[in-house]
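The structure appears below as structure tokens.
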Amino acid sequence: MPRGHNNYILVVFDSCRYDSFSRARPNVIRKLGKVEQRWSYATWTAPSHYNLLMGLMPHKNPRHVYASDYYQTDFLRFNERLGSTGLEFRSFIPRLSLPVLLQQLGYRTHAMVSLPVLNPATPINTGFDTFELMPKHNDMRAMLRRMSFDEHQPCFYLLNVGETHYPYALPGEPEEKWPKISGVHGVFKHLDELVVGGKIRAKKSRMFSESKLAELQDRQVEAVRYLDRVVEELFDLVPDDTYVTITSDHGELFGEDGYFGHGPVHHDKVMEVPFVEGKLR
Ligand SMILES: [Zn+2]
């Protein structure tokens with residue numbers, strides 16, 4: 001089994017739509033490489049993270065190729081991410097789990113998640129040495145304080161970041177200032193974001209005025225600008241030979257065609273995600 005030597009960090013800005021990310025023009029994150037528009041395999045958090053942890057990044061929506069060929073080619077990108085050679089798709093079989101594979105390659109594997117739907121009691125917690133649901137749903141900086149690196153053993157971190165998730169709140173913002181949309185807020189509190197979105201019913205449309213929806217996307221853009229500064233701290237923290245991927249698990253609807261949020265939403269905008277990756281130094 002080939003051994004990797006890069007640390008690998010997979011950062012997922014939860015719910016961050018591609019155009020929110022590009023509007024924010026994050027200067028630090030762009031140091032990783034070209035920001036691509038890609039497409040998620042799923043419309044909400046749990047299946048999308050399951051997919052990411054199968055080693056499948058958001059896809060390029062390629063034409064004229066077989067899915068199996070695309071999967072295998074995409075998987076070989078891990079040779080660059082991990083700084084290894086000779087990693088083959090068959091080394092992934094039968095578990096089809098990125099964290100399990102990384103453990104076999106000699107990695108320590110860690111997850112820090114913001115959304116309770118990914119909590120450590122769920123099956124997503126497979127192949128991790130540590131797995132933590134963060135005390136707050138929106139504090140990436142608190143994750144950085146928990147990270148450590150070992151010069152003798154490479155490590156993998158999955159960071160599920162919640163600032164970009166509804167209600168797009170930065171950690172310093174008091175809860176009473178969060179935008180309140182009747183129904184949606186309650187769902188968030190009680191179902192742990194399981195069902196944030198859906199079609200806005202006509203009789204309730206006054207709750208989703210266009211200006212309110214524009215303001216909500218502005219808040220997501222602002223969250224990306226804030227996270228760009230936190231990512232700068234991440235870049236300062238990590239050792240040489242660290243490869244970082246920053247992407248999102250799915251997009252978000254801000255009123256387009258009558259939809260809000262993500263989850264039970266079938267719409268292009270819920271699939272569009274940013275994707276950027278590279279090695280720092
Ligand atoms: Zn999500």
Side-chain angles (χ1 to χ4, degrees), residues 9-21 24 29 37-59 98 111-125 128 131-134 136-140 142-143 157-171 178-179 181 184-198 216-217 219-224 226-227 230-231 245-254 256 259-276:
I9 304 176
L10 174 57
V11 183
V12 183
F13 287 177
D14 206 294
S15 312
C16 185
R17 197 163 106 170
Y18 173 74
D19 59 356
S20 298
F21 189 93
I29 293 171
Q37 179 178 5
R38 290 208 187 183
W39 287 267
S40 174
Y41 283 88
T43 66
W44 69 286
T45 308
S48 187
H49 278 77
Y50 193 90
N51 199 82
L52 289 165
L53 291 176
M54 286 182 74
L56 283 170
M57 297 296 124
H59 63 79
L98 177 64
M112 285 184 264
V113 301
S114 299
L115 277 301
V117 74
L118 301 176
N119 77 73
T122 62
I124 205 90
N125 181 7
F128 285 100
F131 194 113
E132 184 178 9
L133 174 63
M134 298 298 286
K136 289 177 71 173
H137 89 277
N138 61 341
D139 195 356
M140 180 180 174
M143 296 175 178
Y157 277 97
L158 167 71
L159 306 181
N160 164 253
V161 171
E163 281 90 330
T164 43
H165 188 283
Y166 178 83
Y168 329 105
L170 305 188
W178 292 358
I181 295 179
V184 177
H185 195 68
V187 166
F188 180 76
K189 294 292 275 188
H190 296 118
L191 283 182
D192 296 334
E193 79 97 47
L194 267 174
V195 185
V196 170
L216 291 172
Q217 189 169 16
R219 287 175 62 88
Q220 188 173 64
V221 172
E222 210 43 57
V224 175
Y226 163 81
L227 288 170
V230 182
V231 167
T245 302
I246 298 180
T247 187
S248 175
D249 53 347
H250 48 78
E252 188 85 323
L253 270 293
F254 295 100
E256 293 87 354
Y259 292 101
F260 177 76
H262 59 269
V265 172
H266 182 76
H267 194 284
D268 282 353
K269 292 291 176 194
V270 81
M271 313 308 288
E272 292 177 11
V273 295
F275 182 87
V276 56

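Order of listing sets the numbers, starting from 1, for every ligand and every atom in it. In this text the structure is predicted, and so the values were computed from the model without any measurement.
- Salt bridge annotation for R219-E222: absent, with no cationic side-chain nitrogen under 4.0 angstrom from a carboxylate oxygen.
- Closest approach between the Zn ion (ligand 1) and any N/O/S atom of D14 involves OD1.
- Inclusion of N160 in the first shell of the Zn ion (ligand 1) is not supported: no N, O or S atom falls under 2.8 Å.
- Computed with the Zn ion (ligand 1) at the centre, the T45 OG1 to H250 NE2 angle is 110°, stated to 10 degrees.
- M140 is listed as a side-chain neighbour of V11, based on a closest heavy-atom distance under 4.5 Å.
- Put simply, H165 stays out of reach of the Zn ion (ligand 1), with no N, O or S atom under 2.8 Å from it.
- Between the OG1 atom of T43 and the NE2 atom of H266 there is a distance of 10.0 Å, given to the nearest 0.5 Å.
- By the ring pair (Phe, Tyr, Trp, His ring centres under 6.0 Å) test, Y157 pairs with H110, F149, sequence neighbours left out.
- The backbone N or O of S15 sits less than 3.5 Å from a side-chain atom of Q220, completing a donor-acceptor pair.
- Atom OD2 is the N/O/S atom of D249 found closest to the Zn ion (ligand 1).
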